[in-house]
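Comments concern the structure below.
In each ligand, atom 1 is the first atom listed, and ligand 1 is the first ligand listed.
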Amino acid sequence: MKFNTKLLHSEVLESGEHGDILPPISQVTAFRYENMEELEKVFQHRRAGYAYSRIGNPTLTAFERRISDLEGGRGAVACSSGMAAITGALLAVCESGDEIVAASGLYGGTMDLLRDLEKLGIQTVFARRLDRPSLEKLITPRTRVIFGELISNPALDVMDIPEAAEAAHAAGVPLFVDSTTATPFLARPLSLGADVVIHSTSKYLNGGGNSIGGIIVDGQKFSWDFEKFGALTEFRKYGKMAFSVRLRTDIWENLGGCMAPVNAYLTHIGTDTLGLRMDRICENAARLAAALQELPGIQANHLSLPEHPCHEYVEKELGGYGGGILTFRAGSKERAFRIINGLRYAIIASNIGDLRTLVIHPASTLYINSSRQAREAAGVYEDTIRVSVGIEDADDLIEDFVRAVAKADGEPKENDIKE
Ligand SMILES: *Cc1c(COP(=O)(O)O)cnc(C)c1O
């Protein structure tokens, strides 16, 4: 089956006892049992069943099986947010005294989390790129995980997953990839060598901008050294499933970061159209980037542009797609604000992955608390505008941006595209 067929007809999408086409929303806290013996068996894991929605819920199970299947994984845990997913995944492999090696242009919330983890004795060291030389230099006997984003946002750096995985595995360390901006439509990191893939489902998987969520998918291929990974020692008997079991039965249950059943349902139906949306969004983004590049005093940044430093990965790793996020530099903060304020269709909002085109000035919002150095490592300058391209008609989007740029420069001419 190809991507869209699998999305709708995979065997993991079995219907329930009434033949429901979609998973019913079990928006409940607890599940009742006819007698105490049955509930006891559920607690002893001797009988399948649900007891309390923080530790398991059928609407979440349906969503977890679907995303795990799409990513080619062997187990998944649905979380209350992307941040809950990243927190849970890292805490399941790290304990005090351990180290993380991460890429430096990570999502702002993740950068803040890594600082929080320092206070718990988990240190992070950063590399600009997770390439072999950087990893060989930064991995120490205390390193427990390599963490990076497949396509960073808004820098738009692409991780070379096979290279990073090889260097990580040579040192006996797993590679965790945040693939939020790529989605399984562009790439499946587990098939490229990653061990665990994480998404903020709030973005493209949901697609409609209607619920916060996150998910962790485990490929269950990594061979854990239980002497080295103290966090997993107790789970030795589970072998390659140790991370999944520790994550679900310890960290996820006890942090209390479960996804809300109604959010799992909304994200499940959003996922139905992932292939169609991403195809359209990536095409729109490439067309808009090419049009912006032609405008006076605008410098566009999108993976589809041949001059982009990571352009080769579009074919090598991303199925020919450049993703739905583009940025452009407007020359000054004032001009950037004027352009943004002049847009008719693009909505000013702090999010990505919506059906609607969203636009923001990252330096004065998402990176307001970052140092200039950290901002610039993430590709954010005073004059940078980020666009999360939606599914509108590309011609309308291009016209909107061209008009807004002309208006910002005080020359509201209609046809402002240079030859
Ligand atoms: C949004 C985002 C997150 C955080 O997800 P939330 O659902 O907002 O908690 C993490 N990583 C990336 C790449 C993101 O875009």
Side-chain angles (χ1 to χ4, degrees), residues 60 63 67 71 76-91 100 102-117 124 130 145 147-159 161 175-187 189 194 196-217 252 255-260 262-264 266-267 270-271 274 278 281 285 303 318 323-327 349-354 358-360 362 365-367 370 374 377-380 386-390:
L60 267 64
F63 179 64
I67 303 301
E71 287 289 5
V77 177
C79 304
S80 53
S81 66
M83 288 316 306
I86 296 169
T87 307
L90 294 177
L91 289 182
I100 299 167
S104 55
L106 295 174
Y107 176 74
T110 309
M111 295 299 280
D112 290 349
L113 168 69
L114 294 172
R115 262 198 305 274
D116 295 337
L117 292 183
T124 302
L130 297 178
V145 59
F147 183 90
E149 292 167 9
L150 175 46
I151 306 176
S152 71
N153 154 34
L156 307 182
D157 269 328
V158 181
M159 188 199 304
I161 295 182
L175 175 66
F176 287 14
V177 175
D178 178 340
S179 193
T180 299
T181 48
T183 81
F185 180 70
L186 270 63
V196 168
V197 55
I198 301 166
H199 290 279
S200 164
T201 64
S202 322
K203 317 290 173 53
Y204 293 102
L205 287 176
N206 176 283
N210 60 47
S211 28
I212 298 284
I215 196 159
I216 307 161
V217 183
W252 183 75
L255 276 183
C258 60
M259 185 182 265
V262 72
N263 285 7
L266 289 167
T267 308
T271 302
L274 179 67
M278 290 312 288
I281 283 172
L303 288 169
L318 305 173
I325 296 170
L326 65 85
T327 63
S350 165
N351 189 19
I352 57 167
D354 199 285
L358 309 178
V359 68
I360 199 163
T365 53
L366 311 170
Y367 289 85
S370 310
V380 174
R386 183 187 73 185
V387 186
S388 168
V389 180

Worksheet item: What atoms of ligand 1 come within less than 4.0 Å of a heavy atom belonging to Ile86?
Response: 10 (C)
Worksheet item: Would you say Thr181 touches ligand 1, if touching means a heavy atom closer than 4.0 Å?
Response: no
Worksheet item: Where is the nearest protein heavy atom to atom 8 (O) of ligand 1: which residue, which atom, and how far?
Response: Tyr107 OH, 4.0 Å
Worksheet entry | Nearest heavy atoms of His199 and Ala85, plus distance in Å | O-CB, 4.4 Å
Worksheet item: Within the distance-only criterion (no hydrogens, no angle test), does the side chain of Ser388 pair as donor or acceptor with the backbone N or O of Gly353 below 3.5 angstrom?
Response: yes
Worksheet item: Looking only at heavy atoms of Thr201, does any of them come nearer than 4.0 Å to an atom of ligand 1?
Response: no
Discussion item. Please check this pair: side chain of Ser200 against backbone of Thr180, looking for a donor-acceptor N/O pair closer than 3.5 Å.
Written reply: no
Item to complete: Check Gly108 against Tyr367 and note the closest heavy-atom contact, atom names and distance.
Response: N-OH, 4.4 Å
Worksheet item: Are any of the heavy atoms in Gly213 under 4.0 Å away from ligand 1?
Response: yes
Item to complete: For atom 14 (C) of ligand 1, grab the closest protein heavy atom and report residue, atom and distance to one decimal in Å.
Response: Lys203 NZ, 3.0 Å
Item to complete: Please write down residue, atom name and distance for the protein heavy atom closest to atom 6 (P) of ligand 1.
Response: Gly82 N, 3.3 Å
Worksheet, complete the sentence: of all protein heavy atoms, closest to atom 9 (O) of ligand 1 is Met83 N, 2.8 Å
Worksheet, complete the sentence: ligand 1 atoms nearer than 4.0 angstrom to some heavy atom of Ser202 are 6 (P), 7 (O)
Worksheet item: Can you tell me which residue and heavy atom of the protein come closest to atom 13 (C) of ligand 1, and the distance to 0.1 Å?
Response: Asp178 OD2, 3.3 Å
Worksheet entry | Among Asp178, Leu318, Val197, the one residue meeting side-chain contact (heavy atoms from CB on, under 4.5 Å) with Leu150 | Leu318
Discussion item. I'd like to know if the side chain of Asn206 reaches the main chain of Gly270, judged simply by a donor and an acceptor atom lying under 3.5 Å from each other, with no hydrogens or angles considered.
Written reply: no
Worksheet entry | Where Thr201 and Met259 come nearest, the two heavy atoms and their spacing | OG1-CE, 3.5 Å
